[in-house]
Amino acid sequence: MAGAMLGKLAAPENGRGRHKIVSAAEAVALIRDGDTVATGGFVGIGFAENLAVALEERFLASGREAPDGIGSPRDLTLLYAAGQGDGKERGLNHFGHAGFVKRVVGGHWGLVPKLQQLAVSGQIEAYNLPQGVISQLYRDIAAGKPGHLSRIGLGTFVDPRFGGGKINSVTKEDLVTRMEIGGEEFLFYKALPVHAALLRGTTADPDGNITMEREALTLEALAIAMAARNSGGIVIVQVERVAERGSLPPRQVKIPGVMVDCVVVAEKPEYHMQTFATAYDPAFAGEIRVPQGSLPPFAMSARKIIARRAAMELQANAIVNLGIGMPEGIAAVAAEERVVDLVTLTAEPGVVGGIPASGLNFGAATNTQAIIDQPYQFDFYDGGGLDQAFLGLAQADRHGNLNVSKFGPRLAGAGGFINISQTAKAVYFVGTFTAGEAEITISDAGLRILKEGGTAKFVEAVEHRTFSGAYALKRGQPVLYITERCVMQLTPEGMEVIEIAPGIDLDRDILARMAFRPIVKNPRLMDQRLFREDLLGLRDAMLALPIARRFAYDPAENLFFINFERLSLKSLAEIEEIRASVTRMLAPVGHRVKAIANYDHFTIPDDLMDEYAAMVASLTRDFYSNVTRYTTSGFLRMKLGSALETRGAAPHIYDTVDEARARLGPER
């Protein structure tokens with residue numbers, strides 16, 4: 001905000017038009033019994049705590065005088081997208097009183113135990129719908145549409161065939177229906193009128209124009225305000241300060257005054273914290289940038305091993321989402337490995353770029369490139385804009401289905417999980433292999449399990465289907481399940497163990513701890529570097545050329561050049577990618593070619609060498625008239641040469657490119 005405007009902060013004057021600045025008690029007095037109340041916020045970011053406190057106080061005070069002990073406003077419908085609470089008392093926990101709310105439609109329930117208790121005990125009607133769907137539904141309500149049409153939720157507990165998002169048996173109305181359009185399945189989410197909106201900004205003027213310069217996120221505040229306004233409802237906005245009329249820069253106004261009925265200045269600093277953990281951090285508001293080295297170090301633990309293994313999947317230039325909880329560690333590893341600048345990390349409430357924060361600061365970020373409104377972020381996600389998504393792993397079954405939303409009486413809710421997991425080009429679920437207080441030791445040699453966690457995560461059938469393995473397979477979506485002791489992948493035949501940590505016994509530490517038997521073919525060892533204190537060297541690996549760009553063919557010389565310098569092969573999939581790339585380039589040539597391969601600083605695990613040599617021998621037979629190789633590493637010349645000779649491929653490996661070219665000889 002411009003310095004000139006900041007200098008005009010002052011007590012409001014009545015001037016022209018209606019004065020919109022009132023007390024919290026006066027504002028919430030406008031909310032009536034049975035109203036649908038929509039709240040903005042993400043954990044504690046952007047949540048109007050003062051308004052929630054005032055509304056709760058009104059309900060409790062009037063209840064003390066009511067014959068039935070239930071105050072006013074009563075029987076509210078509460079509508080919200082992201083989880084808003086601290087897991088204890090703040091946020092939407094203020095609504096957790098019998099009779100206060102009749103129905104709750106929310107995207108995430110994990111931070112609101114008081115509402116959870118009402119839902120699981122059947123005292124209220126309760127729904128859990130995808131966070132992104134609700135944030136987008138506000139725009140549809142504002143536009144007067146009957147609802148929101150989306151593929152999001154198909155195959156999950158939100159699908160009417162699996163519950164329609166209903167949380168308990170007292171919840172009867174169908175808010176979600178399945179539709180077919182042009183032979184394709186969709187879900188239709190019914191619109192609700194919004195009678196009252198409780199929102200938050202930074203600065204207001206007497207006309208109700210709202211800016212958000214000190215907020216960590218802008219969320220869906222504008223969409224909710226429009227939805228309430230066009231539903232004939234009221235819009236109440238909590239701010240921390242008031243500016244002179246006409247002094248707010250128009251481009252910084254996030255909610256126009258024509259949509260705002262009441263402005264409430266926060267009565268206490270703790271009612272207007274930037275997050276529920278931080279009073280104000282200028283880096284979260286984009287006021288300053290912080291050096292990467294200022295982030296706290298990430299101590300070696302099972303959590304770090306998981307985050308490191310997941311970080312090895314990061315691809316240069318990828319647009320990435322990191323979920324809450326275990327995936328947050330990936331950002332810390334990316335900062336340690338100095339690769340944050342090579343990817344674009346995002347968070348669902350609207351953060352683009354930078355380093356996402358964790359804990360009760362989750363949703364905020366430092367050094368961001370941009371902060372956009374949450375509905376637009378989900379538009380981008382839903383349309384396939386995410387290259388990679390790293391999400392928590394709570395419970396999985398033999399079909400690759402995942403549950404992160406409901407465990408017995410504990411209702412966590414899906415949040416943005418369904419939107420993100422169903423639409424990312426590739427998804428990685430990360431978490432410990434078992435739940436509970438496991439004890440492990442970590443050394444350069446690998447892992448040793450001293451005490452197992454008390455609860456199995458890999459079960460016969462998940463209790464609540466937050467992610468559908470069948471839907472992922474139908475989309476052709478790659479799916480990995482990454483734990484500290486093994487890595488599994490989803491295949492059409494089921495879950496397959498593809499990596500095992502050194503020191504881990506397959507039967508004792510993995511198979512005996514699962515309720516089903518996964519596919520086990522030829523799993524390889526997890527990278528030994530994961531268990532050492534040294535950096536992984538991710539930056540060099542990510543800056544290396546992708547496999548598809550490591551080949552060139554010169555028709556004039558009939559020479560095929562293979563550049564494997566600094567290539568580090570880690571998987572059978574990469575070996576197959578090499579085979580496919582060479583075949584794609586040389587099959588159309590129609591005749592054999594001469595080939596030179598650069599193996600300088602090339603690395604490959606011993607357990608992949610035989611498969612690699614077999615692939616090279618196959619390409620040699622199919623496409624090469626003559627081939628030579630070179631590397632400055634005597635050890636690699638010996639190891640690779642021996643493997644090639646075993647496979648019947650001529651082991652011509654020289655010291656320099658000139659020597660390799662000179663020895664290439666005439667075509668055969």
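When a residue number appears, it is its place in the shown sequence, counting from 1.
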Problem set entry | Arg303: side-chain contact (heavy atoms from CB on, under 4.5 Å) partners, not counting sequence neighbours | Phe298, Ser301, Met326, Glu328
Exercise. Is the closest side-chain donor-acceptor distance between His148 and Gln136 under 3.5 Å?
Worked result: yes
For this session: Would you mind checking if Arg539 and Asp341 are paired as a salt bridge, meaning a charged N to carboxylate O distance below 4.0 Å?
Result: yes
Exercise. Is there a side-chain contact between Met615 and Ile575 (heavy atoms, below 4.5 Å)?
Worked result: yes
Exercise. Is it true that Asp607 and Arg524 have a side-chain N and a carboxylate O under 4.0 angstrom from each other?
Worked result: no
Problem set entry | Side chain to side chain, Asn419 and Pro130, heavy atoms closer than 4.5 Å | yes
For this session: First locate atom CE of Met488, then atom CD1 of Ile498, and finally report the distance between them rounded to the nearest 0.5 Å.
Result: 10.0 Å
Exercise. Do Phe429 and Phe467 have side chains that get closer than 4.5 Å, going by heavy atoms?
Worked result: yes
For this session: Without swapping roles, check the side chain of Glu574 against the backbone of Ser571 for a donor-acceptor pair under 3.5 Å.
Result: yes
Problem set entry | All side-chain contact (heavy atoms from CB on, under 4.5 Å) counterparts of Thr491, not counting sequence neighbours | Gln489, Glu493, Glu496, Ile519
For this session: Might you work through the side-chain contact (heavy atoms from CB on, under 4.5 Å) test for Arg398 and Met495, ending with a clear yes or no?
Result: CA-CA 6 Å; Arg398 66 166 64 247; Met495 300 268 279; 5.5 Å; no
Exercise. With Ala456, which residues qualify under side-chain contact (heavy atoms from CB on, under 4.5 Å), at least two apart?
Worked result: none
List, one per line, each side-chain donor-acceptor pair under 3.5 Å for residues 343-356, sequence neighbours excluded.
| unit_1 | atom_1 | unit_2 | atom_2 | d |
| --- | --- | --- | --- | --- |
| Thr346 | OG1 | Val320 | O | 2.8 |
| Thr346 | OG1 | Tyr381 | OH | 2.6 |
| Glu348 | OE1 | Asn321 | ND2 | 3.2 |

For this session: Would you please name every residue forming a ring-ring contact (aromatic ring centres under 6.0 Å, His included) with Phe551, sequence neighbours left out?
Result: Phe560, Phe564
Exercise. Quick one: salt bridge (Lys or Arg N to Asp or Glu O under 4.0 Å) partners of Arg289, sequence neighbours excluded?
Worked result: none
Exercise. Is the number of heavy atoms from other residues, nucleotides or ligands within 6.0 Å of OH (Tyr376) greater than 12?
Worked result: no
Problem set entry | Note: Asp534-Arg532 ion pair, threshold 4.0 Å (strictly below) | no
For this session: Spell out, as yes or no, whether a donor-acceptor pair under 3.5 Å connects the side chain of Lys425 to the backbone of Gly384.
Result: yes
For this session: Would you confirm whether Glu484, through its side chain, and Phe433, through its main-chain N or O, come within 3.5 Å as a donor-acceptor pair?
Result: yes
For this session: Would you give the length of the straight line joining atom CE of Met312 to atom CG of Leu536, rounded to the nearest 0.5 angstrom?
Result: 6.0 Å
Problem set entry | Pairing residues for Asp373 by the salt bridge (Lys or Arg N to Asp or Glu O under 4.0 Å) criterion, not counting sequence neighbours | none
Exercise. Do Glu557 and Lys594 sit within salt-bridge range, that is, some charged N less than 4.0 Å from a carboxylate O?
Worked result: no
Problem set entry | SB check Arg151 Glu185 (cutoff 4.0 Å) | no
For this session: Using distance alone, with no hydrogens and no angle criterion, decide if Lys457 and Thr432 have a side-chain donor and acceptor under 3.5 Å apart.
Result: yes
Exercise. Does a side chain donor of either Ser405 or Thr466 reach within less than 3.5 Å of an acceptor in the other side chain?
Worked result: yes
Problem set entry | Sub-4.5 Å side-chain heavy-atom contact between Leu393 and Val404 | no
Exercise. Taking only residues two or more places apart in sequence or in another chain, which ones pass side chain to side chain donor-acceptor pair (under 3.5 Å) with Lys304?
Worked result: Glu336
Problem set entry | Within residues 374-386 or reaching into it, pairs that qualify as salt bridge (Lys or Arg N to Asp or Glu O under 4.0 Å) - sequence neighbours excluded | Arg139-Asp379
Problem set entry | Donor-acceptor under 3.5 Å (Asn401 side chain, Asp397 main chain) | no
For this session: Could I get the full list of salt bridge (Lys or Arg N to Asp or Glu O under 4.0 Å) partners for Arg513, not counting sequence neighbours?
Result: Glu452
Problem set entry | Stepwise side-chain contact (heavy atoms from CB on, under 4.5 Å) test for Met179 and Leu187 | CA-CA 6 Å; Met179 301 179 64; Leu187 296 182; over 6 Å; no
Exercise. Between atom CG of Leu567 and atom CD1 of Ile547, what is the distance when rounded to the nearest 0.5 Å?
Worked result: 5.5 Å
Exercise. Does His108 have any ring-ring contact (aromatic ring centres under 6.0 Å, His included) partners at least two apart in sequence or in another chain, and if so, which?
Worked result: none
For this session: Please assess Tyr428 against Tyr481 for the test ring-ring contact (aromatic ring centres under 6.0 Å, His included), listing each intermediate value before the final yes or no.
Result: CA-CA 6 Å; Tyr428 311 83; Tyr481 306 78; over 10 Å; no
Problem set entry | Within 6.0 angstrom of Asp507 CG, more than 12 heavy atoms from elsewhere | yes
Exercise. Is it true that a side-chain atom of Gln131 and a backbone atom of Phe378 form a donor plus acceptor pair closer than 3.5 Å?
Worked result: no
Problem set entry | Cationic tip of Arg592 above Tyr624 ring, under 6.0 Å, 45° of axis | no
For this session: With sequence neighbours excluded, give me every side chain to side chain donor-acceptor pair (under 3.5 Å) pair touching residues 544-556.
Result: Tyr553-Asn558
Exercise. Stepwise, does the side-chain contact (heavy atoms from CB on, under 4.5 Å) test hold for Leu569 with Phe602?
Worked result: CA-CA 8 Å; Leu569 290 183; Phe602 172 88; 3.8 Å; yes
Exercise. Does the side chain of Ile562 come within less than 4.5 Å of Ile596's, by heavy atoms?
Worked result: no
Problem set entry | Heavy-atom side-chain proximity of Tyr612 to Ile578 below 4.5 angstrom | yes
For this session: Mind checking the CG-CZ spacing from Leu511 to Phe516? Nearest 0.5 Å is all I need.
Result: 10.0 Å
Exercise. For the side chain of Asp387 and the backbone of Ile319, is there at least one donor-acceptor N/O pair under 3.5 Å apart?
Worked result: yes
Problem set entry | Atom CZ of Arg475: over 12 foreign heavy atoms under 6.0 Å | yes
Exercise. Does the pair Phe390 and Val427 meet the rule for a side-chain contact (heavy atoms from CB on, under 4.5 Å), with working shown?
Worked result: CA-CA 6 Å; Phe390 296 83; Val427 64; over 6 Å; no
Exercise. For the residue pair Pro523 and Lys521, what are the closest heavy atoms and their distance?
Worked result: CD-C, 3.6 Å
For this session: Could you verify whether a donor N or O on one side chain and an acceptor N or O on the other, from Ser568 and Thr603, lie under 3.5 Å apart?
Result: yes
Problem set entry | Spacing of NE2 belonging to His464 relative to CG belonging to Leu402, to within rounding of 0.5 Å | 13.0 Å
Problem set entry | Flag side-chain contact, heavy atom, 4.5 Å: Ser443 against Phe531 | no
Exercise. Within a strict 4.5 Å, meaning less than it, do heavy atoms of the Ile152 and Gln422 side chains meet?
Worked result: yes
Exercise. For the atom pair OG1 (Thr631) and CG (Asn598), what is the distance rounded to the nearest 0.5 Å?
Worked result: 7.5 Å
Problem set entry | Donor-acceptor contact below 3.5 Å, side chain Arg448 vs main chain Ile440 | no
